[in-house]
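Structure, as structure tokens:
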Amino acid sequence: EAQVTQNPRYLITVTGKKLTVTCSQNMNHEYMSWYRQDPGLGLRQIYYSMNVEVTDKGDVPEGYKVSRKEKRNFPLILESPSPNQTSLYFCASTSFGQGENGNTIYFGEGSWLTVV
Amino acid sequence: AQSVAQPEDQVNVAEGNPLTVKCTYSVSGNPYLFWYVQYPNRGLQFLLKYITGDNLVKGSYGFEAEFNKSQTSFHLKKPSALVSDSALYFCAVRLEGGSYIPTFGRGTSLIVHP
């Protein structure tokens, strides 16, 4: 089954304590991305990756890091979380092929992060 | 540059009535257009997409959307709404042959009343 899996699903942490949200996809997709969803602001892209070792900033990259050492994994790192990073985070992936599922974005179930 | 507008934050409709969720877009070329649905406490799920071909696209759960190039619109429709259709709907666009990065609208909350 095609899946994007992210963990943890729910996390409460304290300001300044480094955390990592993992993301893994089993569809051999080239493109992966992280979004945050906040009320009234919709989805905002944090970082994206076009392929292994290729990452770039999205619209709201401040306070986040990513890495793409393997095609299937794209972890999101908060080196020093702050309360304004309290949000719902989604990992997503897609391929750019012309097949039936080409260009369809698959999303993880979301990670609720609270920074106190 | 590419952008998407969902002009309504919320759409209310009675069960059994037709529904429309509006989306307009702006790209400097041919668009790829998408609709996604988000149920409470869930991730976004793919509903349908327009890449090329027939302007009327049929998708999951009885939804359809019509690509209108002259009006740069891709409105989501369903002939008869169900209470279970109540969710948050996102329209997205990316440019054919472009940077592959999709742009999402802010979302429209659909509420179907019994």
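Remember, it's a predicted structure, so these values are computed and weren't measured experimentally. Proteins come first, then strands; the chains are lettered A, B, ... in the order of their sequence lines, and each starts at number 1. What's counted below: heavy atoms across the whole structure, side chains too, no hydrogens, waters or symmetry copies.
In this structure the side chain of A:Y31 reaches within 4.5 angstrom of the side chain of B:P102, judged on heavy atoms. Inter-residue side-chain proximity for B:F34 and A:I105 is flagged as unmet; no heavy-atom pair is nearer than 4.5 Å. A:Q37 is not listed as a side-chain neighbour of B:F104, based on a closest heavy-atom distance of 4.5 Å or more.
Applying the 6.0 Å contact sphere to CZ of A:R9 captures more than 12 heavy atoms from other residues, nucleotides or ligands. Remark: A:K71 NZ is packed, more than 12 non-hydrogen atoms of other residues, nucleotides or ligands lying under 6.0 Å away.
Using a 4.5 Å cut-off between side-chain heavy atoms of Ile, Leu, Val, Met, Phe, Trp and Tyr, with links allowed through other members, A:I12 and A:L113 fall into different hydrophobic clusters. No continuous path of ILVMFWY side-chain contacts below 4.5 Å connects A:Y35 to A:V115, so the two sit in separate hydrophobic clusters. Tracing side-chain contacts under 4.5 Å through hydrophobic residues (I, L, V, M, F, W, Y), one never reaches A:W112 starting from A:Y64; they form parts of separate clusters. Neither A:W34 nor A:L88 shares a network with the other; the hydrophobic side chains, linked directly or stepwise wherever heavy atoms of I, L, V, M, F, W or Y lie under 4.5 Å apart, form separate groups for each. A:V21 and A:Y89 fall within the same hydrophobic cluster, defined by Ile, Leu, Val, Met, Phe, Trp and Tyr side-chain heavy atoms under 4.5 Å apart, directly or through other members.
For a residue to count as touching a neighbouring chain, one of its non-hydrogen atoms must lie under 4.5 Å from one of that chain's; by this rule B:N41 touches chain A with backbone and side chain alike. Heavy atoms of B:Q38 lying under 4.5 Å from chain A belong exclusively to its side chain. With a threshold of 4.5 angstrom between heavy atoms, A:Q6 does not approach chain B through any atom at all.
The CZ atom of B:R106 sits 6.0 Å away from atom CG of A:L41, with the distance rounded to the nearest 0.5 Å. Rounding to the nearest 0.5 angstrom, the gap separating the CG atom in A:L43 from the CG atom in B:L88 is 8.5 Å.
Annotation: A:F107 is not in aromatic contact with B:F46 [ring centroid separation under 6.0 Å not met].
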